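To start, the structure under review is shown below, and the notes come after it.
All chains are named by letter (A, B, ...) in the order of the sequence lines, taking the proteins before the strands, and each is independently numbered beginning at 1. Bear in mind that the values here come from a model prediction, so they are computed numbers and not experimental data.
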Number of protein chains: 2
Amino acid sequence: MGGPRFEPVRAVRAYERVVEQVEEAIESGSLSPGERLPSERELMVQFSVSRSTVREALRVLQARGLVRSRPGDPNGAEVLPFSPATLHKSMTTLARVEELSLAELVQFRMVLDSSAILLAARLRTDAQFAEMESAVARMRAAVETGQDSFGEADVAFHDVVARASGNKLIQICTDVVRSIVLKLISEKIADAPDREALMRQSIRHHEEVLAAMRAGDGPLAARLSRKAMYDYYAGYIPAAEHPTLTALLD
Amino acid sequence: MGGPRFEPVRAVRAYERVVEQVEEAIESGSLSPGERLPSERELMVQFSVSRSTVREALRVLQARGLVRSRPGDPNGAEVLPFSPATLHKSMTTLARVEELSLAELVQFRMVLDSSAILLAARLRTDAQFAEMESAVARMRAAVETGQDSFGEADVAFHDVVARASGNKLIQICTDVVRSIVLKLISEKIADAPDREALMRQSIRHHEEVLAAMRAGDGPLAARLSRKAMYDYYAGYIPAAEHPTLTALLD
DNA sequence: AAGCATTTGTACGTATGTATT
DNA sequence: AAATACATACGTACAAATGCT
């Protein structure tokens, strides 16, 4: 004993080495969004691997949302700006494979959204507050005109709030989870019987939240937003799971 | 006008079609974790594509964490149980590429953790509460013995809380964000000058949280946990960003 | 505006190391 | 212990698509 402690060497595939190097170049900033990778034939020379290996590496990088390659493009694969698409994809499969329930997703939205509102109540700019007011105004207008624009205005409101929270992680997760929830219940929500009443109630709730924010009472605004979301979605969630949601209401 | 509305057809690659079909089979449940895909040669027959196409598809599926293939395995690629590895990966790149600040990450932890505690205060089982108490006990013991076991016990505590919240999404995100934060400051935390004082303070905070939970006061427990996390990490965060964190403290 | 050179997408054959039976 | 089936990797070839002249 006392000899050198060797670590087990996992046979790392050639394409993985290529992926690692390109990933490193991108994350370190030496390769910026918009720039191009060398062509596949160039890459196989630089890495001294076969074309298939290069291609498998490119497919992995593409799956991770880091690059995009198009047939015939003489400029090589394009380095993409980061987008939460990959995050969105993995959360969606999580929702499908792991049987993430609608209740859990709504609960998560309640948490994220109320936190964003709590933060926004203290950190928002006046311009952002004006945006929120305008979004609610559009919601009011949409009650008469159409049902699509109501949803869009609602999304816009929560988008501003998430942005005003100043936390990119909250912003991204809010966006991802919201779109998943909306996809899950889009068909149900369209033909709800008391749809107009729901819209009016939602608008009233949003107005209360805005009032609390204007008064500078972040905790109250956060509490109201949780209640608002519960009231809006409870109808689509089995009664047995309601207690897990009401546990968030003070 | 009034004619059929055609959608633009993007030339979808052959390997994408393969990915889609396998993905569909897994998410629909007709392929369960542990089961094996046909061999590559078999797949090229079934999809009537070349070997390279099959391999590129497998690389993408592997990158998404759905399958794993090993050289020489006569059984073909294995369908994996879902793991948050992909989620973890994309959040990590997010943290690096998008310059997600430590303050934002800690803020997100404060949000998730306090929500988990709020939920756990009402939904926990007695066994889970006992686990929490035992974790804090191990933290106390670790002040004398070693610094590693303190961190482990702390992680264990927050793991039980996340589990007790009953929300898988909270559980997964908590885990992911915590590991990222710990990786970012692992070197700094090891040689903090007043490390022992920090540990004792942390233990006191955990005990207060437990007391509030025992008393059934979820909101208080949540508030205390936010304060606890702020006190623990504030030293590693630039003072200019402290206001964004204190905005979460009532 | 059309054609040309280059690149990607796909296919096929082959060699080699590895895990299972 | 040998045989078998497999994944990994390499090389070549051709069609389709793209950008440039």
Side-chain angles (χ1 to χ4, degrees), chain A residues 6-23 25-26 31-80, chain B residues 6-23 25-26 31 33-80 85:
Chain A
F6 296 118
E7 290 187 1
V9 185
R10 72 184 192 297
V12 56
R13 320 282 193 283
Y15 78 89
E16 269 296 345
R17 312 285 294 265
V18 176
V19 168
E20 282 171 16
Q21 289 199 44
V22 177
E23 211 165 28
I26 293 178
L31 226 45
S32 303
E35 286 191 79
R36 301 309 189 102
L37 258 51
S39 75
E40 295 185 357
R41 287 179 174 78
E42 177 76 28
L43 286 174
M44 60 185 275
V45 174
Q46 291 194 24
F47 289 106
S48 67
V49 293
S50 80
R51 180 124 173 264
S52 345
T53 303
V54 168
R55 286 183 58 74
E56 290 178 27
L58 286 178
R59 290 294 82 84
V60 172
L61 289 168
Q62 188 156 3
R64 293 192 184 157
L66 295 177
V67 306
R68 175 186 54 181
S69 49
R70 286 175 312 165
D73 190 336
N75 294 319
E78 183 184 0
V79 178
L80 296 176
Chain B
F6 297 118
E7 290 187 3
V9 185
R10 72 185 189 297
V12 58
R13 321 283 193 280
Y15 78 89
E16 270 295 347
R17 311 286 293 267
V18 176
V19 168
E20 281 172 15
Q21 288 199 44
V22 177
E23 212 164 27
I26 293 178
L31 267 172
E35 285 191 79
R36 301 309 189 104
L37 257 50
S39 75
E40 295 186 356
R41 289 176 175 79
E42 177 75 29
L43 287 174
M44 60 186 274
V45 174
Q46 292 195 21
F47 290 106
S48 67
V49 294
S50 81
R51 188 92 187 280
S52 348
T53 303
V54 168
R55 286 180 61 74
E56 288 178 28
L58 286 177
R59 291 293 82 83
V60 173
L61 289 167
Q62 188 155 10
R64 293 193 184 156
L66 295 177
V67 305
R68 175 186 54 180
S69 50
R70 288 174 310 165
D73 189 335
N75 294 320
E78 181 185 1
V79 177
L80 296 176

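- Residues B:V79 and B:V22 fail the side-chain proximity criterion, which asks for heavy atoms closer than 4.5 Å.
- One atom, CZ of A:R36, and another, C1' of C:dT6, lie 14 Å apart when rounded to the nearest Å.
- Interface residues of residues 62-70 of chain A facing DNA chain C, ordered by number: A:S69, A:R70; criterion, heavy-atom separation under 4.0 Å.
- Atom CG of A:N75 is separated from atom P of D:dG19 by 8 Å (rounded to the nearest Å).
- For the side-chain contact (heavy atoms from CB on, under 4.5 Å) test, residues two or more places apart in sequence or in another chain that qualify with B:A85 are B:S83.
- In this structure B:E23 satisfies the side-chain hydrogen bond (donor to acceptor under 3.5 Å, both in side chains) test together with B:R64, sequence neighbours excluded.
- At the heavy-atom level, A:E40 lies under 4.0 Å from the strands shown only through sugar-phosphate atoms.
- Sequence neighbours left out, not one pair with a member in residues 41-50 of chain B passes salt bridge (charged side-chain N to carboxylate O under 4.0 Å, His left out).
- Atom CG of B:L58 and atom P of D:dT8 are 8 Å apart (whole Å).
- Straight-line distance from the CG atom of A:L43 to the P atom of C:dT7: 11 Å, rounded to whole Å.
- Note: CG (B:L37) to P (D:dC6) measures 13 Å, nearest angstrom.
- A:R17 meets the side-chain hydrogen bond (donor to acceptor under 3.5 Å, both in side chains) test with no other residue; sequence neighbours excluded.
- Residues satisfying the side-chain hydrogen bond (donor to acceptor under 3.5 Å, both in side chains) criterion with B:S52, sequence neighbours excluded, are B:S50.
- In this structure, the side-chain contact (heavy atoms from CB on, under 4.5 Å) partners of B:R70, at least two apart in sequence or on a different chain, are B:R36, B:D73.
- Scanning for side-chain hydrogen bond (donor to acceptor under 3.5 Å, both in side chains) contacts around A:Q21 gives an empty result, with sequence neighbours left out.
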Between the protein and nucleotides 9-13 of chain D, which nitrogen or oxygen pairs are less than 3.5 angstrom apart?
from, atom 1, to, atom 2, distance (Å)
D:dA9, OP1, A:A14, N, 2.6
D:dC10, OP2, A:S50, N, 2.8
D:dC10, OP2, A:S50, OG, 3.0
D:dC10, OP2, A:T53, OG1, 2.6

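- Annotation: of the two residues near DNA chain D, B:P38 and A:P74, the 5′-most nearest-nucleotide partner is B:P38.
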